[in-house]
Amino acid sequence: MALSATLHTFTVHLADVDRGVYQELELRVARHPSETAEFMLTRLLAYCLEYEEGITFSDGGVSSTDEPAVLVRDLTGRTTAWIEVGAPDAERVHRGSKLAGRVAVYTHRDPAKVLAQLTGKRVHRAGEIPVFSFDRAFIDAAVTAVERRNTVTLSVTERLLYLDLNGTVLSTPVEEHRLT
């Protein structure tokens, strides 16, 4: 018998001062059995930090080979932003960069290893693709606060992320790295 996804709900109060985005979000995030809690949390953070009209989690979830973890589509259905999570391979980033006007990678892993995996490979517009990382201790602490039903206050100012997750208050810089 196949294991089914675990559904998590997140009530998010988002205040991204850097981008002028203020939203109340009700998100249902299905965590695939093969997905780590760190990956799911990074996927949620990427969604919030990239929030704009048309954003969605991929239909196939983490098992999708044709879509990134998070994407943005315009009203015609065209993909305008391709947002990968974790440590995607160069081929996926290359394909996303050719398909969408904007690509970003959010990782909970060691950014040096993620960059090394992508650097020197064939990636369309590689110099334009940011790789964002979070402090590992921040991710580890936040994961312990995740429950099935979650209340989140997420604020971003000057690329510092402040997170209140079910009463656990944490902060981290959102580090930006570039492919070369």
Side-chain angles (χ1 to χ4, degrees), residues 5 8-32 35 38-109 111 114-115 117-134 139 152 154-161 163 172-180:
H8 295 270
T9 59
F10 293 87
T11 301
V12 180
H13 307 280
L14 174 62
D16 189 334
V17 177
D18 293 348
R19 297 185 311 128
V21 175
Y22 305 91
Q23 286 290 324
E24 301 292 322
L25 307 170
E26 290 292 332
L27 301 173
R28 295 175 56 163
V29 180
R31 180 176 165 204
H32 190 273
E35 182 179 14
E38 293 83 1
F39 188 97
M40 181 191 70
L41 181 66
T42 304
R43 193 163 52 107
L44 174 73
L45 293 173
Y47 183 100
C48 293
L49 293 171
E50 294 286 336
Y51 183 81
E52 64 179 278
E53 188 165 330
I55 196 166
T56 185
F57 292 112
S58 71
D59 292 335
V62 296
S63 60
S64 175
T65 58
D66 297 334
E67 293 181 335
V70 179
L71 64 149
V72 179
R73 290 191 174 109
D74 65 14
L75 294 174
T76 67
R78 186 177 64 84
T79 301
T80 59
W82 183 282
I83 300 134
E84 289 284 358
V85 172
D89 65 27
E91 184 179 318
R92 282 181 64 92
V93 177
H94 174 73
R95 186 173 74 244
S97 184
K98 291 185 85 170
L99 182 69
R102 187 171 59 80
V103 174
V105 176
Y106 285 82
T107 189
H108 57 286
R109 298 175 184 248
V114 174
L115 290 169
Q117 179 178 311
L118 298 172
T119 299
K121 302 283 183 1
R122 190 179 107 190
V123 177
H124 184 67
R125 298 184 335 229
E128 299 173 22
I129 300 172
V131 175
F132 298 105
S133 65
F134 307 102
I139 293 293
V152 179
L154 190 141
S155 302
V156 182
T157 184
E158 297 180 6
R159 293 312 282 176
L160 284 172
L161 185 146
L163 178 71
T172 186
V174 180
E175 300 287 339
E176 182 175 343
H177 315 272
R178 290 287 173 163
L179 299 178
T180 55

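All heavy atoms count here, side chains included; hydrogens, waters and symmetry mates do not. Quick caveat, the model's predicted, so the values are computed rather than measured.
Remark: Arg73 does not engage Glu53 in a salt bridge, criterion side-chain N to carboxylate O under 4.0 Å. Asp16 and Arg19 are joined by a salt bridge, as a carboxylate oxygen and a charged side-chain nitrogen come within less than 4.0 angstrom of each other. The existence of a salt bridge linking Glu52 and Arg102 is confirmed by a sub-4.0 Å separation between a basic side-chain nitrogen and an acidic carboxylate oxygen. Under a 4.0 Å N-O distance rule, the pair Arg43/Glu35 qualifies as a salt bridge.
For the pair Pro130 and Val105, the minimum side-chain heavy-atom distance is 4.5 Å or more. A heavy-atom distance below 4.5 Å is found between the side chains of Val156 and Leu154. Asp74 has its side chain out of reach of Thr79: every pair of non-hydrogen atoms, C-beta onward, lies at least 4.5 Å apart. The closest side-chain heavy-atom distance from Thr107 to Val131 is below 4.5 Å. Residues Leu71 and Ile55 are not in side-chain contact: their nearest non-hydrogen atoms beyond the backbone lie 4.5 Å or more apart. Side-chain contact between Tyr22 and Val17 is present, with at least one heavy-atom pair separated by less than 4.5 Å. Considering only heavy atoms from C-beta on, Phe10 stays 4.5 Å or farther from Leu25 through its side chain. The closest side-chain heavy-atom distance from Val72 to Ile83 is below 4.5 Å.
Between His108 and Phe39, the ring planes lie perpendicular to each other; the angle is over 60°, past the 30° to 60° tilted range. Note: Tyr106 and Phe134 have parallel aromatic rings, judged against thresholds of 30 and 60 degrees for the angle between ring planes.
One finds the OG1 atom of Thr119 at 8.5 Å from the NZ atom of Lys121 (value rounded to the nearest 0.5 Å). Between Leu41 atom CG and His8 atom NE2 the span is 10.5 Å, to the nearest 0.5 Å. For the atom pair CG (Asp66) and OG (Ser58), the distance works out to 10.0 Å, reported to the nearest 0.5 Å. To the nearest 0.5 Å, the span separating CG on Leu99 from NE2 on His124 amounts to 10.5 Å. Taking OG1 of Thr172 as the reference point, atom CD1 of Ile139 lies at 7.5 Å (rounded to 0.5 Å). Note that CD of Glu84 is 8.0 Å distant from CG of Asp89, once rounded to the nearest 0.5 Å.
Side chain of His32 to backbone of Ala5: no donor-acceptor contact under 3.5 angstrom is found. Although no hydrogens or angles enter the test, the distance criterion places a donor-acceptor pair under 3.5 Å between the side chain of Arg92 and the main chain of Glu67.
Judged as a salt bridge (Lys or Arg N to Asp or Glu O under 4.0 Å), and not counting sequence neighbours, the contacts of Glu176 are Arg178. Residues satisfying the side-chain contact (heavy atoms from CB on, under 4.5 Å) test with Arg28, not counting sequence neighbours, are Leu7, Thr9.
Counting heavy atoms of neighbouring residues, nucleotides and ligands inside a 6.0 Å radius, atom NZ of Lys98 does not exceed 12 of them.
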**Report entry** Residues Leu115, Leu179; criterion side-chain contact (heavy atoms from CB on, under 4.5 Å); working and verdict
**Finding:** CA-CA 6 Å; Leu115 290 169; Leu179 299 178; 3.7 Å; yes

Requested in this report: Carefully, step by step, assess Leu44 and Leu27 under the rule side-chain contact (heavy atoms from CB on, under 4.5 Å).
Outcome: CA-CA 9 Å; Leu44 174 73; Leu27 301 173; 3.6 Å; yes

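Inspection of the Glu175 and Ser133 side chains reveals no N or O donor paired with an N or O acceptor under 3.5 Å.
Residues Leu14 and Cys48 approach most closely at CD2-O, 3.5 Å, considering heavy atoms. For the pair Ser97 and Arg125, the tightest heavy-atom approach, listed with the atom from each and the gap, is O-NH1, 3.2 Å. Nearest heavy atom pair, residue Ala104 against residue Phe132, reads CB-CE1, 4.1 Å. Between Val93 and Pro88, the shortest heavy-atom distance links the atoms CG2-CG, 3.8 Å. Among all heavy-atom pairs drawn from Trp82 and Gly96, the shortest one is CD2-CA, 3.3 Å. In this structure, Val114 and Ala87 approach most closely via the heavy-atom pair CG2-CB, 4.1 Å.
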